[in-house]
Amino acid sequence: MEYNPADIERKWQTYWRENKTYQTEENSSKPKYYVLDMFPYPSGSGLHVGHPLGYIASDIVARYKRHSGFNVLHPMGFDAFGLPAEQYAIQTGQHPSITTETNIQRYRDQLNRIGFSYDWSREVQTCDPSYYRWTQWIFLSLFNSWYNEGSQKAESMETLIAHLNQWGTKNLQAACTRSLSLEANDWNNATASKKEEILQNYRLAYRSESWVNWCPALGTVLANDEIKDGFSERGGHPVVQKQMMQWSMRITAYAQRLLDGLDSLDWSDSIKESQRHWIGRSEGALLEFSLDNQLSLQVFTTRPDTVFGVSFLVLSPEHPLVVALTTAEQRGAVQSVREKAARRTERERMADTKTVHGAWTGAYALHPFSKEKLPIWVGDYVLSGYGTGAVMAVPAHDSRDYLFAQQYGLPIREVIAGGQIDKEAFESHEGIVVQSDFLNGLSVAEAMKLSIEQIEQQGLGQGRVQFRMRNAIFGRQRYWGEPIPIAYDTDRPVPLLVEALPLVLPEVDKYLPTEEGEPPLARASPWESSDGFPLETTTMPGWAGSSWYFLRYMDPHNTESFVGAEKAQYWGQVDLYMGGAEHATGHLLYSRFWNHFFFDRGWVPYAEPFKKLVNQGMIQGVSAFVHRIVGTQTFVSASLASSYATTQLPVDIALVNEKDQLDCPGFQAWLPEYAAAAFILDSDGGMLLEREVEKMSKSKHNVVNPDAVADAYGADGLRLYEMFLGPLEQSKPWNTQGISGISTFLRRVWVLFTEKSRQPNEQEKQRALKTAHRLVHKVQYDMDHFSFNTSVSAFMIAVNEWSALSALPVEALERFAVVLSPFAPHTAEELWGLLGHTPSVTHQPWPIVDVSFLIDDTIPYPVQFNGKTRFQIDIARETPASEVESLVLAHEQTLKYIDGKTIKKVIVVPGRIVNIVVG
RNA sequence: GCCCAGGUGGCGGAAUUGGUAGACGCGCACGACUCAAACUCGUGUACCUCUGGUGUGCGGGUUCGAUUCCCGCCCUGGGCACCA
């Protein structure tokens, strides 16, 4: 009987589906284990072999945990709202839900072809109204909550309103957009509209006029994490800064907790570091500089110790005081800086960090201590969104201020000794404070402390922790997303009632903005609430639906709440979250933010949603390039290309054979422009190509399709090979050729189970069992260390050892089938059946290792001379060190290597090695 | 510029606490089977000036012994990038 993966895989996939083998148990008494994959966006091009890498690894863990007696939650779903489906809708007029549904179907088929053990009865799709109803509900909950900095948690707006009723803003500790000062009377006498304006200052989901990243080509705003190098992540369009009224999320309220929470997480250092950097905590002081005319200007600085080195102040071009401060003579210069800054795209701003532009406003401020007159400048290197949008410039000790001072001839005053400030700014914290009045002679650390004390005592400002992270813009001017469940009573936002949810996406005639520039939802008529108020026209961003889906899987059909309290309690945290490192600062931060909020409101038992995170590496493609002689349609083999002037053009890797040669007729048929191609072959008659490792993508023509690999080598072959390629977290190139080793392995496994005698003699039985126990031990170790590539090697070693025996005991084969099943589940099911067992192998207990099989009676001691291994001798395990030494010294080969030299020292490491030092 | 990860044969990679560097697989070479080829099976395969020597990016150090620990540097990949 031949090993036929196609038949076996079809058979078992049907069996699993019909018997609901992977359905998670409800009300189980078993311990739980939650293994989650980052759900995919179902793109039109389907999966390539890189996508399933993480899914295979997590599926192995899920299956291993089932064998180990856990009730496993291993779900899959789709992040189904998003730009590509909408762009396609704009081009074709087809509703994005149709494209999305087709793509999801294809993804589901592709995933099932690989034999994943998902419980599909829990599938979620973010674009499904029964799902986004709860995304909208969460939005309303955030709208109806504020962050109490006193209790350090989110609370219902009711407690805020109660405080305002009684005290106004007195003693109110709240995360807010700007700090307000109101008496209880002011609040109580305010109109509904004025009250809402005040509340907006505190709500966790709120509207504000803010600087946004506007992408004209996509016609929408983008979050910082949706931009790469100044271009939109999707589509690569330029992005500019623009001020707009926008829905935002007050994630900054959670900055400190999001930072602290990282310490308890079992995540890679690189992801934790990028989150820390993104949050960007810095300590310093807010400091007031008074102006001539009653006004004052506030700056944020992390170096209050250098306060006597301030020689000018700089405002961002957008700073609200710029216009008021600028004198008539300076108006032109300042205006030109402001206009220039406004015109710059994000991209230009980043490309050009070496030059600064600025102008003097004509105004002065007074130094808070020395009362010296300091000129106030406008400079484009100061960002309006960070700190107060104004800085005290200390050019001697800040390189950006230094650059600015040099360019405009402003004074540079050394206040920390130790640098060479005629050459560059001295930013080190190692130094003694000089020319600084009461700070003279102190270290930087001492001066920081004392300066803040003095600033606070004299009422000039206060110590302050500042975060780089900004609040997240939430509205998108797009169609294919969750509608925001808000109506407007004139300008006052009014939340829809929970009973009115879901607010379903309306039908529109086109998926484009209206002629007036309104988002596509404005095309719906009427787009208004049941009581006739106009509805919000922006939709939620992609990250809304994906920030809580891991909770919905716990309780996917609940119509009463987004997740039931008992289910949330039982499943707790995600034990293992597998996904790409590209979500380091987007999805993973937003999900943590929302989950902290749910925790504060008492809806989930943990603030942190993902206990352990593993980032699978990228599988790269190996692109192929053909040489074309410049200006012709003649193509030349790579081996001859050096004799011609050529350009290299990418070729679909389907047209390349295993010797890196081009299928010439196939190439001519591939694209019309190559129909008339002529070829100059090398002496072997081949058309050699250049190969290069790059990211796998459709546009590079280097995509390998998992379906095709599974058809040729079986799903189990694909699974084993993806794991065998190398460490999970590393990037590595895909080379289909290598999979033949896996094929050979699986066939040899099959032979062991179908042709090998099961009546071993005692010696063979012991040898076979030793191999089996060592295999189980190794695989178990690898499971705990996510080292799946070495497990595949261990399987091969076991099979090689067993193949050399004439018979195998059934106990060895049984262990093998169970241990193989997480990796190659279809084959393992079939093997389990061949041993006479009834299905399924899925819940068979993981074999127990008999440690006596792991220990050998004798140890092959390597014998080294001066650290170089020369030979080995077998010595009984328990032999004491002194005896090992004499055995080695008495060995005939030892004499040869001593070769008349003196033995200076003999090192015996019991059980390991012998090293003889001669000289 | 800053932060993080990594650098081992022709290739993917292994080496679990400082203890035999190159497991396992690909590729390649030779052999068996075959009229022949493919498949399959077997043997070999780090390098060199080969009774020996060298070798885990480079240079140093610690140690009886270093891919592993320490110092300095180079390169590759990823992230951040005027954050005061």
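The sequence lines fix the lettering, A, B, ..., with proteins before strands; numbering per chain opens at 1. Heavy-atom basis, side chains included; hydrogens, waters and symmetry copies ignored.
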Next item on the list: Using Watson-Crick or G-U wobble geometry with both distances below 3.5 Å, tell me the partner of B/C50, or none.
Entry: none
Item checked: Residue among A/S311, A/S436, A/P395 satisfying side chain to side chain contact (heavy atoms under 4.5 Å, CB included) with A/R413 -> A/S311
Margin query: Tell me the interatomic distance from A/E729, atom CD, to B/G77, atom P, rounded to whole angstroms.
Written below: 20 Å
Check: Does A/Y386 make a side-chain N or O approach to OP1 or OP2 of B/A84 shorter than 4.0 Å?
Finding: yes
Next item on the list: Give me the one residue out of A/F795, A/F816, A/F753, A/F745 that meets ring-ring contact (aromatic ring centres under 6.0 Å, His included) with A/W802.
Entry: A/F816
Next item on the list: Hey, could you give me each pair passing ring pair (Phe, Tyr, Trp, His ring centres under 6.0 Å) that has a residue in residues 900-919 of chain A? Not counting sequence neighbours.
Entry: none
Notebook entry, point to check: So what does A/K272 hit on the nucleic acid, given a heavy-atom distance under 4.0 Å: a base, only sugar-phosphate, or nothing?
Noted result: nothing
Margin query: Counting the atoms with a prime plus P, OP1 and OP2 as sugar-phosphate, which does A/N866 contact under 4.0 Å by heavy atoms, base, sugar-phosphate, or nothing?
Written below: nothing
Next item on the list: May I ask you to say what A/R870 touches in the nucleic acid, namely base, sugar-phosphate or nothing, with a heavy-atom cut-off under 4.0 Å?
Entry: sugar-phosphate
Next item on the list: Answer with base, sugar-phosphate or nothing: what part of the nucleic acid does A/S399 contact at a heavy-atom distance below 4.0 Å?
Entry: nothing
Next item on the list: Report which part of the nucleic acid A/K904 touches: base, sugar-phosphate, or nothing (heavy-atom distance under 4.0 Å, all strands).
Entry: nothing
Next item on the list: Describe the nucleic acid contact of A/R276 in one word from base, sugar-phosphate, nothing, applying a heavy-atom distance below 4.0 Å.
Entry: nothing
